[in-house]
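Everything on this sheet refers to the single structure shown next.
Chain naming here is simple, since letters A, B, ... match the order of the sequence lines and numbering starts at 1 in each. All values below come from the heavy atoms of this structure, side chains included, with hydrogens, waters and symmetry mates left out.
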There are 2 protein chains.
Amino acid sequence: MAVKLNLDKLDFQIIQEMMENAEISYADLGKKLFVSGGTIHVRIKKLQELGVVKGTKLSVDLKLLGYDVIAFIGIFLEKSSLYDTVAKELRKIPEIVRLNYTTGNYSMFAEVVCKDIQQLRYILHDELQKIKGIERTETLISLEESFARNVLVIS
Amino acid sequence: MAVKLNLDKLDFQIIQEMMENAEISYADLGKKLFVSGGTIHVRIKKLQELGVVKGTKLSVDLKLLGYDVIAFIGIFLEKSSLYDTVAKELRKIPEIVRLNYTTGNYSMFAEVVCKDIQQLRYILHDELQKIKGIERTETLISLEESFARNVLVIS
DNA sequence: ATTGAAAGAGTCTCAGT
DNA sequence: ACTGAGACTCTTTCAAT
């Protein structure tokens, strides 16, 4: 349940703009949104205090860094009560960048970023097989990312 | 295939640090990595020119903004040649934040961020049903995100 | 709540090493 | 290739509205 935050259109505009580009200066963002740089500063400070804004992250080109393979792994557990212990083991594999506990076809759903198919194979056959509680897995290898973008927070 | 970039340990350390926190000053990051702020500056400029660093993005708390539901949608296509036209239609749905063309169980795999289960139902039953070429879909609703983190680029 | 201006902090350039 | 210092830009604070 979202707490009542009382954000207005300007707050959402700032969030939307900076989700895409957090480097823009307050003065420039103010110009774009027709307020002063000081107002942008006040709003961002408020959003940070509210916990809505958590920080900024560098956006990198993973392919250029040699991470050519993105895959998703659907995980079937022997018992769903094993969730926490399996999650703890999966966290130890650095190539697993995200793990969700899900309803539907799988019990858990993981995203993996790795250098090549050989490394993916190693993770699937050697690392995952060792973890007690995993019944079986299904792998989806991403052949292409059609798009990746931020959610639209402006009505 | 990754082009030969000739990045050294310091480059990777800078990337690793700033993937998590891009707000740190060059002086502070320099202290942490035992070089001058000027050196950090030179390296980041180089990484930007190489295209490895693409920019910085605001990190926000989606739950606080009222986006309580994250789901994954596996999509089966009638014919895999319909990929581009279906992708084009899916891009028009702003709640779909990511779309991958995949091998494995599904033809395409989407991630959705929405306000509540009612909105998810609307997307699944009204918006996706209208798109020609989708045979059927399978939905995984995230009950909990165990973790989400950046890939480890340091050897 | 917004603004503009002053103070403080960070970035960027460059000459020296 | 790294450093430190100066010039420049941006952030932050604050008094006025």
task = Grab the NZ-C1' distance between A:Lys31 and C:dT3 for me, whole Å please.
result = 15 Å
note = From CD1 of B:Ile44 across to P of C:dG10 the rounded distance in Å is 14 Å
ask   = How many Å lie between CG on A:Leu7 and C1' on C:dA1, as a whole number?
value = 15 Å
ask   = Just how far, in rounded Å, is P of C:dA1 from NZ of A:Lys46?
value = 8 Å
query = Rounded to whole angstroms, how far apart are CZ on B:Phe34 and P on D:dA1?
reply = 23 Å
inquiry  = Just N and O in the side chain of B:Lys45: are any of them under 4.0 Å from OP1 or OP2 of C:dT13?
reply    = yes
B:Tyr26, nearest nucleotide to its side chain (from D:dT11, C:dT11, C:dT3) = C:dT11
task = Identify whether the distance between the nearest side-chain nitrogen and carboxylate oxygen of B:Lys54 and A:Asp61 falls below 4.0 Å.
result = no
request  = With the side chain of B:Ser36 defined as its heavy atoms from C-beta on, choose the nearest nucleotide among D:dT13, D:dG4, C:dT13.
outcome  = D:dG4
message = Under 4.0 Å from OP1 or OP2 of C:dC12: is there any side-chain N or O of B:His41 that close?
response = yes
inquiry  = Could you check, using the six-membered ring where one of them is a Trp, whether A:Phe72 and B:Tyr106 have ring centers closer than 6.0 angstrom?
reply    = no
query = Is A:Lys92 salt-bridged to A:Glu89, going by a charged N under 4.0 Å from an acidic O?
reply = yes
query = What's the CD1-P distance between A:Ile40 and D:dT11, to the nearest Å?
reply = 11 Å
inquiry  = So if I take every side-chain heavy atom of B:Arg43 and compare against D:dC10, C:dT11, D:dA1, which nucleotide ends up nearest?
reply    = D:dA1
ask   = Rounded to whole angstrom units, what separation is found between the CD1 atom of A:Ile24 and the P atom of D:dT9?
value = 17 Å
query = Between B:Arg98 and A:Glu111, is there a side-chain N and carboxylate O pair less than 4.0 Å apart?
reply = yes
ask   = Which one, C:dT3, C:dA1, C:dT11, comes nearest to the side chain of A:Val35?
value = C:dT3
task = For the side chain of A:Thr39, starting at C-beta, report the closest nucleotide among D:dC2, C:dT13, C:dT3.
result = C:dT3
message = Could you tell me how far apart A:Leu47 (CG) and C:dA1 (P) are, to the nearest whole angstrom?
response = 14 Å
ask   = Hey, which of these two, A:Gly38 or A:Asp28, hits DNA chain D nearer its 5' end, going by closest nucleotide?
value = A:Asp28
Test side-chain hydrogen bond (donor to acceptor under 3.5 Å, both in side chains) applied to B:Ser146 and A:Tyr83, step by step = CA-CA 10 Å; B:Ser146 295; A:Tyr83 173 66; 2.3 Å; yes
